Amino acid sequence: ELTGKLETVFKKLRGYGKLSEKNIQDSLREVRRALLEADVHYKVARQFIARVQEKAIGQDVFKSITPGQQVIRVVYDELTALLGGTARDVHFSPVPPTLIMLVGLQGSGKTTAAGKLARYFRQKGRKALLVAADIYRPAAIDQAEILARSAGVPCFHRREGTDPVDICVEAISFGQQEGCDVILFDTAGRLHIDDEMMNELVRIKKKIVPHEILLVADGMTGQDAVNMAGQFQAHLEFDGILLTKLDGDARGGAALSMLSVTGKPIKFVSVGEKLDALERFHPDRMASRILG
Amino acid sequence: IIGRSKIDDDLMDEVEDILLQTDVGVNMVSKIIDNIRDRIDKESANAPERIVPFLKDEIRSVFMTERAPAGPLPPSSSTRPHVILMVGVNGTGKTTTIGKLAYRYKNQGNKVLLAAADTFRAAAIEQLEIWADRADVDIVSHQMGADPASVAFDSFKAARAREVDVLIIDTAGRLQTKVNLMEEVKKIKRVLTKQQEGIPQETLMVLDATTGQNGISQAKRFHEALNLTGIVLTKLDGTAKGGIVVAIKDQLNIPVTMIGIGENIEDLRDFDPEEFVDALFG
Ligand SMILES: Nc1nc2c(ncn2[C@@H]2O[C@H](COP(=O)(O)OP(=O)(O)OP(=O)(O)O)[C@@H](O)[C@H]2O)c(=O)[nH]1
Ligand SMILES: Nc1nc2c(ncn2[C@@H]2O[C@H](COP(=O)(O)OP(=O)(O)OP(=O)(O)O)[C@@H](O)[C@H]2O)c(=O)[nH]1
Ligand SMILES: [Mg+2]
Ligand SMILES: [Mg+2]
């Protein structure tokens with residue numbers, strides 16, 4: 001149920017007959033504002049509004065709702081369809097182990113997500129392994145070990161040696177020996193404009209050939225979501241997005257921005273610091289959240 | 001802008017897009033555009049090349065009104081220790097910023113002490129201990145699960161006893177909407193204030209430059225809870241512009257005191273409004 005300021009605007013637009021272009025334009029001006037306040041990228045908002053405009057024009061107005069409410073309905077349906085459009089399951093390998101790589105900007109929630117996914121797969125009866133491939137951040141390995149322990153899974157790490165690629169390769173042999181069927185590779189946070197660090201990810205990918213690469217993105221990201229996701233996509237061609245920190249009041253418009261620019265689905269959302277705070281993505285809930 | 005003969009609606013739409021991209025937010029953009037339009041009318045300056053200087057002027061003036069000094073405050077020897085409480089939502093760069101700040105204060109000849117009051121997150125204490133080692137400063141820590149307020153309390157006692165110049169307190173990341181966590185950080189501050197009036201002299205909220213409009217909610221709630229003295233804007237070495245701090249200054253008058261421009265110990269700068277505004281349009 002869409003509440004708040006959008007509703008009050010639409011209460012003004014009463015009448016019957018067909019949705020007029022004026023009805024639609026007025027409503028969409030307010031929708032655009034709501035999307036921008038929700039952190040949807042300005043170009044993505046523009047494209048989305050144009051799409052809705054096409055869908056809404058010429059629609060019959062129903063007697064029980066206002067034209068404005070009808071436009072909101074078209075907006076909500078279109079947003080839900082966009083967000084939920086692509087298949088959202090993790091690509092599992094028919095031959096274990098399934099290799100899942102987690103990448104993203106500094107502080108987005110990757111290491112915590114690795115712990116959560118390990119726990120999630122373990123609950124589904126799989127044998128998971130967490131790989132601590134961040135050799136840069138102070139105490140990164142300690143953090144991964146503690147989270148792995150909470151998740152009830154082993155943690156592969158190397159405290160000496162300096163190449164994350166080697167760590168990942170060794171981890172796979174270890175995982176195979178241990179009979180693991182899911183291996184989660186946690187990587188260091190990095191900037192999409194840091195060529196050397198992006199290259200490191202490319203080298204890891206080429207070497208281990210993961211079945212799934214998840215971009216872990218902060219749910220409160222603003223306009224930069226388009227740059228960031230676009231660049232990670234250009235370097236890596238990831239498979240899906242895991243959106244974090246959605247237990248706060250960020251509207252999460254970055255979800256629409258990243259989906260629009262990369263075509264990749266949001267597969268999971270993280271809704272808290274604890275390891276059990278991980279959910280499958282629900283496009284309708286996200287649509288309501290973005291629209292405020 | 002180049003090749004335009006006059007300022008028209010198309011040009012203003014483009015200006016709006018440029019501003020929106022920086023994360024200043026749709027309300028701030030409307031405000032800036034209105035002021036620009038007024039100025040164009042008043043000065044009857046229908047010259048497109050005046051737009052960018054007008055914009056920079058407009059945004060600079062947001063930072064210049066009631067301007068506080070930039071950079072970390074020098075500790076005053078009469079109210080030793082100078083206590084800095086670092087707060088903010090998860091993953092913004094608090095712990096790393098403390099490492100950088102400790103290094104800076106130490107190089108200025110100060111005796112620095114760190115307090116590991118994030119007793120919640122996995123390996124938070126270990127992480128700060130490594131930074132203390134890198135900055136070559138002492139650190140007070142308990143064990144994971146300890147009461148953060150008691151870590152703060154003990155660190156203050158230690159700072160007094162060891163005649164420390166600067167005490168910097170790390171806290172756990174927390175979303176501003178979590179009432180119990182906001183109560184916890186208020187308690188940390190209360191415990192300090194009870195020990196000595198006027199401390200902490202600085203309460204800094206660390207904000208990630210990639211953050212969108214939620215930055216306003218963060219600043220508002222942390223300010224209500226703790227009376228912030230400033231913001232540290234991190235990760236400006238990325239492509240995000242951090243424009244949300246313009247809206248925060250405009251609405252709440254909380255200044256940015258420093259910026260984080262990387263993951264190394266020297267990657268901390270005083271906030272310079274001129275540089276920041278130029279970079280918005282860079
Ligand atoms: N509230 C909340 N906090 C989260 C969530 N996911 C992660 N965090 C917190 O966000 C902070 C950063 O998480 P990390 O897992 O260290 O992030 P990271 O991406 O591995 O960071 P780097 O390795 O430094 O790039 C920690 O305080 C986590 O507890 C979430 O869904 N909600
Ligand atoms: N590129 C860049 N990375 C930064 C900057 N500041 C911090 N980081 C990185 O951001 C990540 C998170 O930093 P932390 O210091 O752990 O953040 P925090 O706020 O203490 O996190 P929590 O305690 O989990 O809430 C780390 O990977 C840091 O190296 C910065 O200015 N630029
Ligand atoms: Mg990590
Ligand atoms: Mg920290």
Side-chain angles (χ1 to χ4, degrees), chain A residues 32-43 45-46 105-112 115 136-150 188-194 217-228 231 244-245 247-254 272-273, chain B residues 16-27 29-30 89-96 99 120-131 133-134 144 172-178 181 208-218 221 234-235 237-244 262-263:
Chain A
R32 176 179 173 264
R33 201 173 182 86
L35 293 177
L36 292 173
E37 283 177 340
D39 290 322
V40 175
H41 190 267
Y42 77 96
K43 280 190 191 154
R46 177 168 302 143
L105 293 179
Q106 291 90 346
S108 64
K110 299 173 292 300
T111 307
T112 310
Y136 310 98
R137 171 173 156 150
I141 296 178
D142 298 322
Q143 184 187 9
E145 282 195 302
I146 294 169
L147 292 176
R149 199 170 316 127
S150 306
R190 68 203 66 217
L191 295 178
H192 47 291
I193 52 171
D194 183 338
D218 195 321
M220 57 186 96
T221 308
Q223 300 287 298
D224 198 51
V226 156
N227 279 336
M228 185 271 291
Q231 286 289 335
T244 64
K245 307 178 199 170
D247 42 322
D249 62 354
R251 297 266 287 277
E273 286 192 79
Chain B
E16 205 187 90
D17 286 350
I18 293 173
L19 286 173
L20 283 172
Q21 257 193 87
T22 67
D23 281 318
V24 296
V26 64
N27 291 326
V29 170
S30 304
V89 305
N90 308 72
T92 55
K94 298 176 289 302
T95 305
T96 306
F120 171 76
R121 206 211 68 213
I125 297 170
E126 290 87 325
Q127 183 186 6
L128 190 64
E129 284 176 336
I130 292 172
W131 281 109
D133 190 64
R134 288 178 177 181
M144 198 170 160
R174 68 201 68 229
L175 298 187
Q176 70 279 17
T177 46
K178 308 221 162 163
L181 297 183
D208 187 324
T210 65
T211 307
Q213 297 309 298
N214 195 253
I216 298 184
S217 163
Q218 291 176 27
R221 303 234 194 172
T234 60
K235 308 182 196 172
D237 47 318
T239 52
K241 302 286 189 174
I244 196 64
E263 302 188 74

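The model shown is predicted, which means the values in this text are computed figures rather than measured ones.
- Looking at B/Ser217, the atoms closer than 4.5 Å to chain A (heavy atoms on both sides) all sit in the side chain, from C-beta outward.
- For B/Leu20 against A/Leu36, the heavy-atom pair with the smallest separation is CD1-CD1, 3.8 Å.
- Using a 4.0 Å cut-off between charged side-chain N and carboxylate O, A/Asp224 and B/Lys241 make no salt bridge.
- The shortest distance between side-chain heavy atoms of B/Gln127 and A/Arg137 falls below 4.5 Å.
- Between the side chains of B/Gln21 and A/Tyr42, at least one donor N or O sits under 3.5 Å from an acceptor N or O.
- Of the two parts of B/Arg174, neither the backbone nor the side chain holds a non-hydrogen atom closer than 4.5 Å to a non-hydrogen atom of chain A.
- Per-residue counts of heavy-atom pairs under 4.5 Å with chain A were compared for B/Thr211, B/Ile216, B/Thr239; the largest is that of B/Thr239.
- Looking at B/Thr96, there are no atoms closer than 4.5 Å to chain A (heavy atoms on both sides), in backbone or side chain.
- Of the listed residues A/Arg251, A/Glu145, A/Arg32, A/Glu273, the one with more heavy-atom pairs under 4.5 angstrom with chain B than any other is A/Glu273.
- Chain B forms more heavy-atom pairs under 4.5 Å with one residue of A/Ile193, A/Asn227, A/Asp249, A/Leu105 than with any other, namely A/Asp249.
- Taking chain B as the reference chain and counting heavy-atom pairs below 4.5 Å, the highest number among A/Gln231, A/Arg46, A/Met228 is found for A/Arg46.
- Of the atoms belonging to A/Asp194, not a single heavy atom falls under 4.5 Å from chain B.
- Most heavy-atom pairs under 4.5 Å with chain B, from the set A/Pro138, A/Ala139, A/Ala254: that is A/Pro138.
- For the atom pair B/Asn214 CG and A/Glu37 CD, the distance stands at 13.0 Å (nearest 0.5 Å).
- Note on A/Asp142, A/Asp218, A/Asp39: by heavy-atom pairs under 4.5 Å with chain B, the leading option is A/Asp39.
- Ranked by non-hydrogen atom pairs under 4.5 Å with chain B, the options A/His192, A/Gln223, A/His41 are led by A/Gln223.
- For A/Lys43, the NZ atom counts as loosely surrounded, since its 6.0 Å shell holds 12 or fewer non-hydrogen atoms of other residues, nucleotides or ligands.
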